[in-house]
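The next block holds one structure in the form of structure tokens; read it before the comments.
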There are 2 protein chains.
Amino acid sequence: MPKGQPEHVPEDGLTTRQRRHRPLVMVHTGPGKGKSTAAFGLATRGWSQGWDIGVFQFVKSAKWRIGEEKALRTLGESDEGGTVSWNKMGEGWSWIQRSGTEQDHAADAAEGWAQIKRDLAAETYRLYVLDEFTYPMKWGWVDVDDVVRTLRERPGTQHVVITGRDADERLREAADLVTEMGKEKHPMDAGQKGQRGIEW
Amino acid sequence: MPKGQPEHVPEDGLTTRQRRHRPLVMVHTGPGKGKSTAAFGLATRGWSQGWDIGVFQFVKSAKWRIGEEKALRTLGESDEGGTVSWNKMGEGWSWIQRSGTEQDHAADAAEGWAQIKRDLAAETYRLYVLDEFTYPMKWGWVDVDDVVRTLRERPGTQHVVITGRDADERLREAADLVTEMGKEKHPMDAGQKGQRGIEW
């Protein structure tokens with residue numbers, strides 16, 4: 001993609017340099033493939049800049065994203081870039097102390113978001129990947145207004161990317177960048193299931 | 001994204017297993033961001049499966065994709081997955097022996113495609129990332145019919161992903177998966193240029 005020039009310069013009181021390094025909220029939504037992949041691509045580029053990356057996966061699955069997880073963990077341990085912290089709701093957030101084996105997904109999601117709020121306040125990471133985070137918002141497990149307010153008021157230079165279908169309109173408005181992934185043609189339509197290495 | 005089930009089973013004489021492991025041609029096109037990022041995500045997942053990856057970048061740029069290049073090279077050298085071969089037209093394909101410093105982009109592109117044909121015939125890689133390869137086709141430097149025929153007749157189980165805007169209709173028809181990246185909202189519209197770690 002050719003690098004563009006802004007069509008106009010806004011009267012926002014910022015210098016070009018300040019505007020260029022403004023921390024971003026990015027939303028990857030829509031019915032098509034590639035929402036999470038694009039977010040992990042961002043994480044990869046951030047890692048290469050030495051950024052510390054915090055990944056939070058909000059939908060439980062044993063198989064999904066294992067390729068990206070293995071890759072980003074390998075990168076985080078390589079001393080070639082930043083660190084990588086990978087947190088999976090499906091395996092229990094590491095900071096939850098819960099007795100027994102009961103699973104309460106709504107409580108898990110709320111606790112995950114509470115941890116992210118603490119990390120944002122402490123400026124723990126430079127880039128946050130909140131994978132499939134639109135779903136707990138859609139299901140009412142996490143309050144959208146609280147998310148928007150927290151993102152708007154976050155300190156420092158922390159980038160946040162949120163993935164998942166059906167992003168709330170308030171979240172879209174609060175975002176600096178919204179990418180809608182469209183679906184055109186898929187092997188599934190020809191009776192083919194997903195395959196290892198391609199889909200996960 | 002939830003994992004789907006095929007809506008129907010085609011009468012193509014293949015078993016489910018054969019269909020599942022059918023080698024794919026994938027095209028990431030459209031005006032939006034994320035075409036190359038999605039391709040490098042595929043490469044990352046393939047690497048985690050132990051696949052040997054061949055990347056061919058068809059548009060010269062000193063800055064683009066340096067994050068992905070550093071990451072995939074680091075992964076390829078980690079012994080945790082497959083190998084990674086990264087070829088940049090902008091720096092001269094490594095297999096070109098050319099005198100002096102003259103640059104002929106059309107000849108470079110044709111030679112790059114000739115090498116890919118040799119690699120496909122030899123089954124050198126399990127996944128090929130042909131980044132920005134739609135442009136040499138669009139500009140007439142590489143023959144689209146030759147590309148489609150070569151892809152259709154390639155041996156073994158070799159996946160190919162091609163990125164870039166304005167994919168030719170013949171290429172779209174030959175592909176198993178076409179993802180159209182759409183643009184919804186971008187910081188550029190608010191007068192912000194791309195920034196390191198986010199865009200490249």
Side-chain angles (χ1 to χ4, degrees), chain A residues 1 3-10 16 19-22 24 30 32-35 37-38 40-42 44-49 51 66-68 70-71 74-75 78 80-81 159 165 172 175-198 200, chain B residues 1 3-10 16 19-22 24 30 32-35 37-38 40-42 44-49 51 66-68 70-71 74-75 78 80-81 159 172 175-200:
Chain A
M1 193 169 58
K3 296 189 65 186
Q5 295 290 329
E7 291 182 3
H8 68 281
V9 176
T16 299
R19 209 175 295 116
R20 186 173 190 119
H21 293 95
R22 186 174 56 182
L24 299 175
K33 293 163 59 74
K35 296 182 287 292
T37 299
F40 293 123
L42 274 173
T44 300
R45 289 194 289 276
W47 164 86
S48 80
Q49 298 293 331
W51 294 359
I66 55 166
E68 281 90 346
K70 178 176 171 179
T74 300
L75 293 177
S78 73
E80 301 282 331
H159 302 289
R165 294 183 185 211
R172 290 171 186 256
D176 301 288
L177 185 151
V178 179
T179 303
E180 184 84 19
M181 302 290 186
K183 174 178 163 182
E184 185 171 330
K185 180 180 177 183
H186 193 280
M188 210 86 87
D189 303 330
Q192 181 168 13
K193 292 186 180 180
Q195 62 180 290
R196 178 178 297 267
I198 298 291
W200 68 82
Chain B
M1 193 171 57
K3 295 189 63 184
Q5 294 291 326
E7 292 184 1
H8 69 282
V9 175
T16 299
R19 209 175 295 115
R20 186 174 190 117
H21 292 96
R22 188 173 54 183
L24 299 176
K33 292 162 60 73
K35 295 183 288 293
T37 299
F40 292 123
L42 275 172
T44 300
R45 290 194 290 278
W47 163 86
S48 80
Q49 298 293 329
W51 294 0
I66 56 167
E68 281 91 346
K70 177 176 172 179
T74 300
L75 293 176
S78 73
E80 301 283 330
H159 302 289
R172 290 171 186 256
D176 301 289
L177 184 150
V178 179
T179 303
E180 184 85 21
M181 303 290 186
K183 174 179 164 180
E184 186 171 330
K185 180 179 177 182
H186 194 280
M188 211 84 87
D189 303 330
Q192 181 167 15
K193 292 185 179 181
Q195 62 181 288
R196 179 177 296 267
I198 297 291
E199 306 276 348
W200 67 83

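Below, each value reflects all heavy atoms present in this structure, side chains not excepted, and no hydrogens, waters or symmetry copies. Chain letters run A, B, ... following the sequence lines, proteins first, then strands; residues in each count from 1.
Heavy atoms only, all atoms of each residue included: Ala38(B) and Thr37(A) are closest at CA-CG2, 3.5 Å. Closest heavy-atom contact between Thr44(A) and Gly67(B): CG2-O, 4.1 Å. Between Lys70(B) and Glu80(A), the shortest heavy-atom distance links the atoms NZ-O, 2.7 Å.
Side-chain contact between Ile66(A) and Arg45(B) is absent, with no heavy atoms from C-beta onward closer than 4.5 Å. Between Leu75(A) and Thr74(B) the shortest side-chain heavy-atom distance falls below 4.5 Å.
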